[in-house]
Trainee: 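Questions regarding the structure given below will be posed in turn.
Counting starts at 1 for both ligands and their atoms, following the listed order.
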Amino acid sequence: MNNNIRIYQGNVIFTPKPKEFKIYNKGYIVVINGKVEGVYENLPEKYSSQDVIDYGDKLIIPGMNDLHCHAPQFRNLGMAMDKELIPWLNDYTFPEESKYKDLEYAKKMYGRFIKEIWRQGTTRIAIYATIHKEASVLLIDMLTKSGLGALVGKVNMDRNSPDFLIESLEDSLKDTEELLDKYSSSQLVKPIITPRFVPTCSSKLMSGLGDLSEKYDAPVQSHLSENKGEIRWVQDLYPNSNYYGEVYNDFKLFGQKPTLMAHCSFSTEEELELMKKNNVMAVHCPSSNLNVGSGMMPIRKFLDKGISVALGSDISGGHTSSIFKTMVYAIEVSKLFWADSDKKIDFLSNSEAFYLATKGGGSFFGNVGSFEKGYDFDALVIDDNDLNHDNYTLEERLERFIYIGDDRNILHRYVCGNLIDESQITVI
Ligand code: GUN
Ligand code: FE
C-alpha cells in the first residue's frame with residue numbers, strides 16, 4: 001500500500017486525559033493515511049526527507065465535536081428565547097421544522113447550516129433532521145459532500161404532535177429503515193435512530209425503533225429529563241415507570257447500542273445508575289438549558305460517577321453553534337454549582353471542558369478528538385495573532401481564543417486528514 005504521509009508543524013495542544021493539556025511547542029504531528037502516527041518535539045530521522053506543512057506559531061488542536069444539534073432549527077437561532085420548552089416547541093420549533101417537507105427550502109437552509117458549523121470549527125456532529133425522509137437524505141448527501149463527519153437522525157414523531165408535523169407509525173418505521181439500509185455502511189456520514197422524545201413516540205414506534213437499532217447495529221439519540229413539566233408528562237404516559245430513562249430502556253433504546261441522551265437536568269440516582277451501567281453518553285447543552293429555562297445538568301455528578309459526557313450546542317434551544325462558546329457556558333454554570341455548594345462541588349477546569357469537546361464527544365465517532373496514535377486527524381489550525389499573544393503561554397493563548405476568539409481565528413479545518421474547503425459546501 002502506498003502510504004500517504006503528511007507532517008504538520010505548529011504549537012500542538014490536546015487532552016489525552018481530562019486533567020491536563022498535552023502541549024508541544026513547535027512540535028510535529030505525523031499523519032499517515034489520515035490517522036495520527038505520532039506527535040514529536042523533534043522530527044524523527046526517518047521522516048527527515050518529507051515535506052513539512054509549517055503552521056509557524058499557530059495552534060493546532062483537535063476539531064470540535066457537537067453531540068446534540070437540530071439542523072432544521074437553524075433559522076430560529078436567537079429567537080423565542082423568552083419561552084419555556086413546550087410552548088417553544090409548539091409555537092416556534094414545530095412550525096419551522098414543518099417547512100422541511102419543501103426540498104427547495106431544505107436545500108437552502110441546510111446549506112447555510114453546514115456552512116455555519118464548518119465556520120465554527122465543528123468537525124463531527126450528531127444531528128436531528130426532521131420527520132421528512134427526503135430532506136433527511138438531502139442533509140446526509142450535503143454533509144457527505146462537505147467532508148465533515150456526522151450522524152444524522154430522521155426524527156420520529158407519531159403522536160402528541162401537531163397535524164402539520166406528524167407521521168404514521170408505519171411510515172415512521174419504513175422511512176427510518178430505508179435510511180438505515182441505504183447509509184449504515186457509509187464512512188463519515190451515517191444514520192442515527194432518533195425518537196424525538198418519549199411524549200411524541202407511541203410505544204409501538206419505540207418498540208419498532210429498538211428492533212431497528214438491533215437489526216442495523218445503529219446508534220440512538222434522544223432527549224432525557226430536560227424539564228420538570230416534560231418529566232411529569234412522561235410519568236403520566238407511563239405511570240408504571242420508575243423514571244424517564246427506564247421507558248427508553250424498556251424499548252432497547254438506552255445503551256443497548258451506543259446512545260446519546262441530551263440534557264439530563266433532573267436525572268434521578270436510579271437513572272444515573274442505569275446510564276452508567278449501560279454506557280449511555282450524557283450530552284450537556286448549557287446554552288439551551290439557560291435559554292429555555294429547563295434546569296441544568298449537574299455535570300460534576302456525572303463525571304464523578306464515571307458517566308461519559310459530551311457537549312452539545314442544541315441549536316436552536318442553544319443560541320450558538322460554537323462548541324468553543326459552549327465550553328465557556330459549561331465552565332460558567334459549573335461555577336454556580338461550586339459557589340452554591342460552598343465550594344464543595346469542583347467547577348470544570350479548562351482542560352476538562354476542552355476534553356469534553358474533543359476526546360469526550362469524539363469517542364462516540366471512534367478514535368476521534370485526540371492526537372494520540374491511531375486517532376483520525378481531525379484538527380483546527382488557530383491563528384490567534386490578533387489576540388496579541390506576546391508573552392502568553394500556549395495554554396493561556398488557547399484559553400483566550402476559547403473565551404474571546406471566534407471563527408475568524410480558525411484558519412484551517414481537517415477531518416480524517418482531509419483539508420475541508422469552503423467550496424465543498426453549497427449555499428444557495
Ligand atoms: N425535546 C423535544 N424536542 C426538543 C427540541 O427540539 N429541543 C429541545 N431542547 N428539547 C426537545
Ligand atoms: Fe434538543
Side-chain angles (χ1 to χ4, degrees), residues 66-100 109 113 117 125-132 136 151-162 165-167 172 192-202 205-206 209 220-234 237 244-245 247-248 253 259-267 281-297 310-321 323 326 329 361:
D66 182 351
L67 275 288
H68 184 82
C69 172
H70 299 261
Q73 296 175 17
F74 184 58
R75 184 182 172 279
N76 285 357
L77 270 187
M79 208 162 63
M81 302 277 81
D82 53 354
K83 300 254 176 199
E84 72 166 294
L85 180 65
I86 303 300
W88 172 83
L89 283 174
N90 288 328
D91 299 348
Y92 283 85
T93 308
F94 291 162
E96 179 59 22
E97 288 192 16
S98 75
K99 295 182 191 167
Y100 285 72
M109 296 311 291
F113 164 80
I117 56 169
I125 186 162
I127 303 179
Y128 290 54
T130 59
I131 61 171
H132 311 101
S136 305
L151 290 164
V152 177
K154 185 214 99 62
V155 171
N156 304 100
M157 307 166 71
D158 73 337
R159 68 163 172 176
N160 292 322
S161 305
L165 191 70
I166 193 164
E167 52 187 351
S172 188
I192 180 166
I193 291 179
T194 306
R196 180 169 209 125
F197 65 156
V198 167
T200 60
C201 300
S202 66
L205 177 54
M206 290 212 288
L209 293 175
V220 173
Q221 63 178 350
S222 196
H223 296 88
L224 179 69
S225 301
E226 177 176 5
N227 160 298
K228 286 189 178 167
E230 172 218 13
I231 295 170
R232 278 194 296 276
W233 193 6
V234 171
L237 293 169
Y244 195 154
V247 180
Y248 291 122
L253 295 166
T259 300
L260 299 168
M261 285 286 156
H263 305 299
C264 313
S265 320
F266 300 104
S267 290
M281 184 179 273
V283 189
H284 183 35
C285 306
S287 167
S288 170
N289 293 158
L290 291 166
N291 288 332
V292 287
S294 289
M296 191 54 67
M297 178 174 140
L311 296 180
S313 66
D314 195 19
I315 291 173
S316 67
H319 64 273
T320 174
S321 38
I323 293 300
T326 305
Y329 287 123

Trainee: Counting distance only, does the side-chain N/O of T200 pair as donor-acceptor with the main-chain N or O of N160 below 3.5 Å?
Mentor: no

Trainee: Just let me know how D314 lines up against ligand 1, side chain, backbone, both or neither, with a heavy-atom cut-off below 4.0 Å.
Mentor: side chain

Trainee: Between E84 and K228 (salt bridge meaning N to carboxylate O under 4.0 Å), is one present in this structure?
Mentor: no

Trainee: In terms of side-chain heavy atoms, does D314 have a donor or acceptor partner in S288 at a distance below 3.5 Å?
Mentor: yes

Trainee: Considering the options E97, Q221, H223, which one meets the side chain to side chain donor-acceptor pair (under 3.5 Å) requirement together with R196?
Mentor: E97

Trainee: Taking the Fe ion (ligand 2) as the reference point, name the nearest N/O/S atom of H68.
Mentor: NE2

Trainee: When you look for heavy atoms under 4.0 Å from ligand 1, do you find them on the side chain of L89, its backbone, both, or neither?
Mentor: side chain

Trainee: Do any heavy atoms of E230 fall under 4.0 Å from ligand 1?
Mentor: no

Trainee: Identify the protein heavy atom lying closest to atom 3 (N) of ligand 1, giving its residue, its atom name and the separation to 0.1 Å.
Mentor: R196 NE, 2.9 Å

Trainee: Report the atom name of the nearest N/O/S atom of D314 relative to the Fe ion (ligand 2).
Mentor: OD1

Trainee: Ignoring hydrogens, just give me the one of E226, H70, H263 whose non-hydrogen atom is nearest atom 10 (N) of ligand 1.
Mentor: E226

Trainee: Once ring pair (Phe, Tyr, Trp, His ring centres under 6.0 Å) is applied, do any residues pair with H284, and if so which ones, sequence neighbours excluded?
Mentor: none

Trainee: Would you say the rings of H263 and Y244 are close, in the sense that their centroids are separated by under 6.0 Å?
Mentor: no

Trainee: For residues E96 and F74, determine if any side-chain heavy atom of one lies less than 4.5 Å from a side-chain heavy atom of the other.
Mentor: no

Trainee: To check your reading of the site, what angle at the Fe ion (ligand 2) do NE2 of H223 and NE2 of H70 form, to 10°?
Mentor: 90°

Trainee: Going by heavy atoms, is W88 under 4.0 Å from ligand 1?
Mentor: yes

